[in-house]
Amino acid sequence: MKSPLLSLPGAVPAEGVDEGVAAHYGDLFREQRALADGTGFVDLSHRGVVTVSGDDRLSWLHLLLTQHVSELPAGEATEALILSAHGHIEHALYLVDDGTTVWAHVEPGTQDALIAYLESMKFFYRVEVADRTADIAVVHLPAGSIADVPDGVVVRETAYGRDLFLPRAELESFAASHGPAAGLLAYEALRVEQHRPRLGFETDHRTIPHELGWIGTAVHLQKGCYRGQETVARVQNLGKPPRRLVFLHLDGSDVHLPVPGTGIRVADEGPDGRKVGFVTTSVRHHELGPVALALVKRNVPVDARLLAGDTAAAQEVVVEP
């Protein structure tokens, strides 16, 4: 779904899974600084929006999600995962309940599969699942923003800012009164700085929550059964995850960033050394320079100097080995 805000001056379209919104509006670092200062907004209208209404919505979702939501207070934001039977991450949901309806935004293009799964699990529960992507756009206001929110708009407020579930028809008028607009690259740079994983970027077909630090924020360890819980409990109580998320400070003298999927090796073993991980997201940060998130094998020493392709990289621990 193509955003009307791509018609704003300087807008350069994003590509790949983020197609449909602006990557930037002509000045990546200015846009990052604006967000860091709590001004402007980010158009996330390409993300999927799913609602669950009905009297049983919270108790029903509690059975399916990794998060404890059976008594989720109205207006309190949370995030949750849906796992496979083997504990691998399939969906990530960013939730808020408004008192009558649970609102969730999800990765672009994943809402159809999510809704199909939810519909298959309804049974006798009094719930209604709906795809609201066509009429509701997600807009992000950064932490510290004092911008007014239009009346009647559902808000999901976190430490990183506010996610607004805005009627899509109001997107252009909102932009006119709440600018300047910041592109997705600026938003992603701050996400990487904050060590926040993203489904489809930091995950692959075998990722489990422990590897990314999603235990606690998206996975509640004291709730009842859900699909994949056995793997979560076993790793938590008896073992360690095979991989761990790291934050990389990249050599700023390189012109090109290592792209996602670029292999990571221990520098002391040289460019022909064994692969110990891969880059998941790489960005240029307005203060930190080129940085990245990556998944590496758990037993890689935390003080090891790394190579991301041919680029020297110093690691910062996100998930403890």
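With hydrogens and angles ignored, the 3.5 Å screen pairs a side-chain donor or acceptor of N237 with a backbone N or O of A233. At least one donor-acceptor pair under 3.5 Å links the side chain of S177 to the backbone N or O of S173. Judged purely by atom type and a 3.5 angstrom limit, S3 has no side-chain atom pairing as donor or acceptor with the backbone of G20. Q67 places a side-chain N or O within 3.5 Å of a backbone atom of T217 that can act as its donor or acceptor partner. In this structure, the side chain of T262 does not engage the main chain of V279 through any donor-acceptor pair within 3.5 Å. Side-chain atoms of E19 do not come within 3.5 Å of backbone N or O of H46 as any donor-acceptor pair. Using a distance-only test at 3.5 Å, with no hydrogens or angles considered, no donor-acceptor pair links the side chain of R132 to the main chain of F165.
At least one side-chain heavy atom of I215 sits under 4.5 Å from a side-chain heavy atom of Q236. Contact of the P197 side chain with the W214 side chain is registered, since non-hydrogen atoms from C-beta on lie closer than 4.5 Å. Two residues are said to be in side-chain contact when any heavy atoms from C-beta on lie closer than 4.5 Å; V139 and L44 fail this criterion. Annotation: side chain of V155 is not in contact with side chain of V96 (no heavy-atom distance under 4.5 Å). In this structure, W103 and L95 have side chains that are not in contact, with every pair of non-hydrogen atoms separated by 4.5 Å or more. Using a 4.5 Å cut-off on side-chain heavy atoms (C-beta onward), Q194 and F247 make no contact.
Put simply, I82 and I89 are part of two different groups of oily side chains (I, L, V, M, F, W, Y) that touch within less than 4.5 Å, one to the next. Residues L190 and V318 are members of separate hydrophobic clusters, defined by side-chain heavy-atom contacts under 4.5 angstrom among Ile, Leu, Val, Met, Phe, Trp and Tyr. Cluster membership for V102 and M121, using ILVMFWY side-chain heavy atoms within less than 4.5 angstrom, is shared. One hydrophobic cluster, built from ILVMFWY side chains closer than 4.5 Å, holds both L63 and L72. A single hydrophobic cluster is seen to contain both L58 and L65, as judged by linkage of ILVMFWY side chains at heavy-atom distances under 4.5 Å, directly or through other members.
The pair R243-E211 counts as a salt bridge, with a side-chain nitrogen and a carboxylate oxygen less than 4.0 angstrom apart. Ion pair R126/D55 flagged as a salt bridge, since at least one NZ, NE, NH1 or NH2 atom sits closer than 4.0 Å to an Asp/Glu carboxylate oxygen. A salt bridge does not link E320 with K240: every distance from a Lys NZ or Arg NE/NH1/NH2 to an Asp or Glu carboxylate oxygen is 4.0 Å or more. Comment: R265 does not engage D272 in a salt bridge, judged by the lack of any side-chain N to carboxylate O separation of less than 4.0 angstrom.
A donor and an acceptor atom, one from each side chain of S45 and D43, are located under 3.5 Å apart. Side-chain atoms of T311 and D251 include no donor-acceptor pair closer than 3.5 Å. Judged purely by distance below 3.5 Å, without hydrogens or angles, the side chains of T100 and D98 pair a donor atom with an acceptor atom. Looking only at atom types and distance, the side chain of R198 has no donor-acceptor partner in the side chain of T280 under 3.5 Å away. When only modelled atom types and interatomic distance are considered, R234 and Q229 share no side-chain donor-acceptor pair under 3.5 Å. No side-chain N or O of Q222 forms a donor-acceptor pair with one of H68 less than 3.5 Å apart. Side chain to side chain, T207 and E202 fail the donor-acceptor criterion of an N or O pair below 3.5 Å.
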> Stepwise, does the ring-ring contact (aromatic ring centres under 6.0 Å, His included) test hold for Y187 with H140?
Replying inline: CA-CA 9 Å; Y187 179 85; H140 176 77; 5.0 Å; yes
> Stepwise, does the side-chain hydrogen bond (donor to acceptor under 3.5 Å, both in side chains) test hold for E31 with H24?
Replying inline: CA-CA 8 Å; E31 295 164 31; H24 62 85; 4.8 Å; no
> Would D131 and T133 count as a side-chain hydrogen bond (donor to acceptor under 3.5 Å, both in side chains) if you check the C-alpha gap in whole Å, the side-chain angles of each, and the deciding distance to 0.1 Å?
Replying inline: CA-CA 6 Å; D131 183 352; T133 310; 2.7 Å; yes
>> Go through it in stages, so that I can follow the logic: the residues are E90 and R227, the test is salt bridge (Lys or Arg N to Asp or Glu O under 4.0 Å), and I'd like the CA-CA distance, side-chain angles, deciding distance and then a yes or no.
In response: CA-CA 11 Å; E90 292 190 344; R227 191 173 70 175; 2.8 Å; yes
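The minimum heavy-atom distance between A308 and L250, with the atom names listed, is CB-CD2, 4.3 Å. The two atoms that bring E193 and H285 nearest to each other are OE1-NE2, 3.0 Å, heavy atoms only. Across all non-hydrogen atoms, the minimal contact from E316 to H249 is OE1-NE2, 3.0 Å.
The distance from atom CD1 of I264 to atom CG of L295, rounded to the nearest 0.5 Å, is 8.5 Å. Rounded to the nearest 0.5 angstrom, L245 CG and H210 NE2 are separated by 14.5 Å.
Residues passing the side chain to side chain donor-acceptor pair (under 3.5 Å) test with H220: none are found, sequence neighbours excluded. In this structure, the side chain to side chain contact (heavy atoms under 4.5 Å, CB included) partners of H88, at least two apart in sequence or on a different chain, are S84, H86, R206, I208.
Side-chain rings of Y94 and H105 approach one another, their centers coming within less than 6.0 Å.
Both cation-pi conditions hold for R196 and Y160: the charged atom is under 6.0 angstrom from the six-membered ring centre and inside a 45 degree cone around its axis.
Checking E76, R156, R57 one by one against D97, the side chain to side chain contact (heavy atoms under 4.5 Å, CB included) holds for a single residue, R57.
Taking the six-membered ring where tryptophan is involved, the planes of F174 and F41 are perpendicular, since the angle between them exceeds 60° and thus also 30°.
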